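Quick caveat, the model's predicted, so the values are computed rather than measured. Computed from heavy atoms alone, side chains included, the values below leave out hydrogens, waters and symmetry copies.
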Amino acid sequence: MFLKKVKNKRTGRTYLSIVHGYRDKVTKKSKSKTIESLGYLDELEKKYDDPIAFFETKVKQMNQQQNEDKFTMTFRVSNEDRLEKDESNRKNFGYAALSKIYHELGIHTFLTNRQRHIKSGYDANSIMKLLVFARLLYPGSKKKTYENKDTFFENTNFSLDDVYRCLPFFNKHKDALQLWIHERIKEQYDRNTSLVYYDVTNYYFEIDDPDDLRKKGVSKEHRPDPIVQMGLFIDTNGIPITYGLHPGNMLDKQTLIPMLGNIQRHFSLGRTIVVADKGMTTGDNIWYTLSAKNGYVLSYSVRGANKKFKDYVLDQNNYRTIGKGFKIKSRLYPREITVTSRNGKKLKKRVDEKQVIFYSEKYAQKAKADRAPALKKAKDLIDSPSRFNKATSVGAAKYVKNLTFDKKTGEILKDAKEALLLDEEKLRKEEAFDGYYAIITSEFEESDERIIEIYRGLWKIEESFRVTKSDLESRPVYLSRPEHIEAHFLTCFVSLVIARVLEHRLKGKHSITAIIESLKKASCSHIQENYYLFDHYDEILAAIGKELNLDFGKKYMSLGEIKKILGEVKKG
């Protein structure tokens, strides 16, 4: 605000008023609004010794009150007010929390430093922020993200072409950025990497022709589309450490050695215990892990084991009951594994490991419930085989005896001599192992309970994959060039790191899904001049505000206040 002095050319008299200056949202031109009409200077001099000095002091006090959030603004509305075509008055403010963590991790510094000595014509940091904040709050394609860029109070002085031109730059520095973020998390959150979790998932592409990266493989979502494999390491807090992309036809178990080699060479983790599911339990993976002086906690397939191991599992001797419906036992056991040498020969190696077996009544009930639909389908198939073929009998066929299919058509072949029967023996063998789980580990000095506790931490990485696929909508991927695909998953990785850090800082009291939903609702609408109206506040926003020193509870804020807050969070 300022004291406006207007001299009347005809009378020579000067009129004083207090005026609020602002920038018009539509025209982007400077405008002003009279806050208080004071009167002519000669009249005011009868009341004040020095009207100009008096009211300039008053204006200074009003500006100070405004800065201290104690200023009262009056708005006048008219039923004649109309929206401009394609006008959007809605903006998000919740991303301030994401921006604070983004800058605390120094991602802006990393990108600015890497771009300093190249002529690019675009601001990689501004583009990364748009892609990350939009991926978390309003996920969509790069084109859609760019079209909605004005949702944020950020500098978006770049084109859609700039976004695509920047993707190879992100790909070039993806490994270094992951390491940079890892080092910042070590410093700020005392990251513990003595125990790391590893798993693999895949992402599909709606394309017809596979290429070197996007290949047909075993889809986690049972889709026929080409996929890429992603291996991911996370720490015990669920915060990602690093990821890697692999061709879609690469088996899960084949990804661990290159991923573990990379993390050991570049991330300086020291001795690490790798925790993974049974898909990683191969002789090569175990031998490589041990050869690098690391350890492992891996699940082990009971049904896929040899008879001697199965007998040990079902032998009720030495089981200890722990709570209702739960029992556990273990043994130290030398196991022979098959390892592939450098020249491709298969060698037999012995590993001394601890085998932990536990039974859960709850898991047994779940296994039975999971099997029930397949059994029902098997019985329906036996009663009405003409209704099924090889494709539609998936999951049920293994429970049906005397079932054969035409190799060309997939139709069920009828044999008058051999009636279709439920395979009762197979069913009994499966049911015998319901509820039993096995874990093998190099950490034989750890207690049985601790080994199980360590293994159960795998849910964090499974949830991370769910978050990237559901909340971040990371697939399908609408990109084709390998460097663009790599850059896309880098932005998803950065987004997941920020979300996990925020979840961690809230002590895990709120899920990422709930956090994102609240930050999305922390939006505002333009009212008049430079003022915005906020309409949502909840428990999660209060918790985030308390932790990050941000106030999401104000009902009105000026553009100046909003930009001041957003400027403060960028200081990290």
In plain terms, say whether D252 and K220 are close enough for a salt bridge, that is, a side-chain N and a carboxylate O under 4.0 Å apart. yes

Taking the six-membered ring for Trp and the single ring otherwise, decide whether the centroids of Y203 and F489 are under 6.0 Å apart. yes

Between F169 and I118, does a side chain to side chain contact (heavy atoms under 4.5 Å, CB included) hold up when you go through it step by step? CA-CA 10 Å; F169 173 82; I118 63 172; 3.7 Å; yes

Checking R191 against F267: charged group under 6.0 Å from the ring centre and within 45 degrees of the axis? no

Any idea how Y95 and F133 line up, ring-wise: parallel (<30°), tilted (30 to 60°), or perpendicular (>60°)? tilted

Looking at CG of L177 and CG of L111, how far apart are the two atoms once the value is rounded to the nearest 0.5 Å? 6.0 Å

Is it true that E483 and R481 have a side-chain N and a carboxylate O under 4.0 angstrom from each other? yes

Hey, are E206 and R223 close enough for a salt bridge, meaning a charged N less than 4.0 Å from a carboxylate O? yes

Side-chain contact, heavy-atom cut-off 4.5 Å: F93 with I565? yes

Side-chain donor or acceptor of H488 paired with backbone N/O of H484 under 3.5 Å: no

Taking the basic N atoms (NZ, or NE/NH1/NH2) and the acidic carboxylate oxygens, is any pair closer than 4.0 Å for K308 and D311? no

Carboxylate-amine/guanidinium proximity below 4.0 Å for K460 and E503: no

For the pair S474 (side chain) and T468 (backbone), establish whether a donor and an acceptor sit closer than 3.5 Å, ignoring hydrogens and angles. yes

Hey, are S159 and D161 close enough side-chain-wise for a donor-acceptor pair under 3.5 Å? no

So, the side chain of T272 versus the backbone of G270: is there a donor-acceptor pair under 3.5 Å, distance only? yes

Will you find, in the side chains of T151 and K91, an N or O donor that is under 3.5 Å from an N or O acceptor? no

So, is the end of the K366 side chain (NZ or CZ) under 6.0 Å from the ring centre of Y363 and within 45° of the ring's axis? no

So which of Y436, Y333, Y300 actually passes ring-ring contact (aromatic ring centres under 6.0 Å, His included) with F309? Y300

Side-chain heavy atoms of Y243 within contact of K174, under 4.5 Å: yes

Does any N or O in the side chain of K310 come within less than 3.5 Å of the main-chain N or O of R303, such that one atom is a donor and the other an acceptor? yes

Residue among R184, K571, R505 satisfying salt bridge (Lys or Arg N to Asp or Glu O under 4.0 Å) with E104: R505

Is a donor on one side and an acceptor on the other found under 3.5 Å between the side chain of R475 and the backbone of Y204? no

By side-chain hydrogen bond (donor to acceptor under 3.5 Å, both in side chains), D284 pairs with (sequence neighbours left out) T340

Taking the six-membered ring for Trp, are Y359 and Y319 closer than 6.0 Å centroid to centroid? no

Is it true that E547 and K100 have a side-chain N and a carboxylate O under 4.0 angstrom from each other? no

Will you find, in the side chains of D162 and Y146, an N or O donor that is under 3.5 Å from an N or O acceptor? no

Could you check whether E462 pairs with R466 (Lys NZ or Arg NE/NH1/NH2 to Asp/Glu carboxylate O, under 4.0 Å)? no

K354 backbone acceptor or donor facing T441 side chain under 3.5 Å: no

Quick one, F493 and P240 - any side-chain contact, counting heavy atoms below 4.5 Å? yes

Are any of the side-chain nitrogens in D448 or K329 under 4.0 Å away from the carboxylate oxygens of its partner? no

NZ or CZ of K563 within 45° of F153 ring axis and under 6.0 Å: no

Under 3.5 Å: donor-acceptor pair, side chain of R500, backbone of S495: no

With salt bridge (Lys or Arg N to Asp or Glu O under 4.0 Å) as the rule and sequence neighbours excluded, what pairs involving residues 260-283 come up? R271-E443

Does a side-chain heavy-atom distance below 4.5 Å link K216 with P226? yes

Would you kindly check if the NZ (Lys) or CZ (Arg) of R331 is within the cone defined by 45 degrees around the ring axis of Y312 and under 6.0 Å from the six-membered ring centre? yes

With a 3.5 Å distance limit and no angle check, can you tell me whether N171 reaches the backbone of P168 through a side-chain donor-acceptor pair? no

Considering only NZ, NE, NH1 and NH2 on the basic side and carboxylate oxygens on the acidic side, decide whether K144 and E147 come within less than 4.0 Å. no

Is there a donor-acceptor pair under 3.5 Å between the side chain of N285 and the backbone N or O of K253? yes

Any donor-acceptor N/O pair, N192 side chain to D235 backbone, under 3.5 Å: no

Roughly how far, to the nearest 0.5 Å, is the CG atom of D434 from the CG atom of D370? 9.5 Å

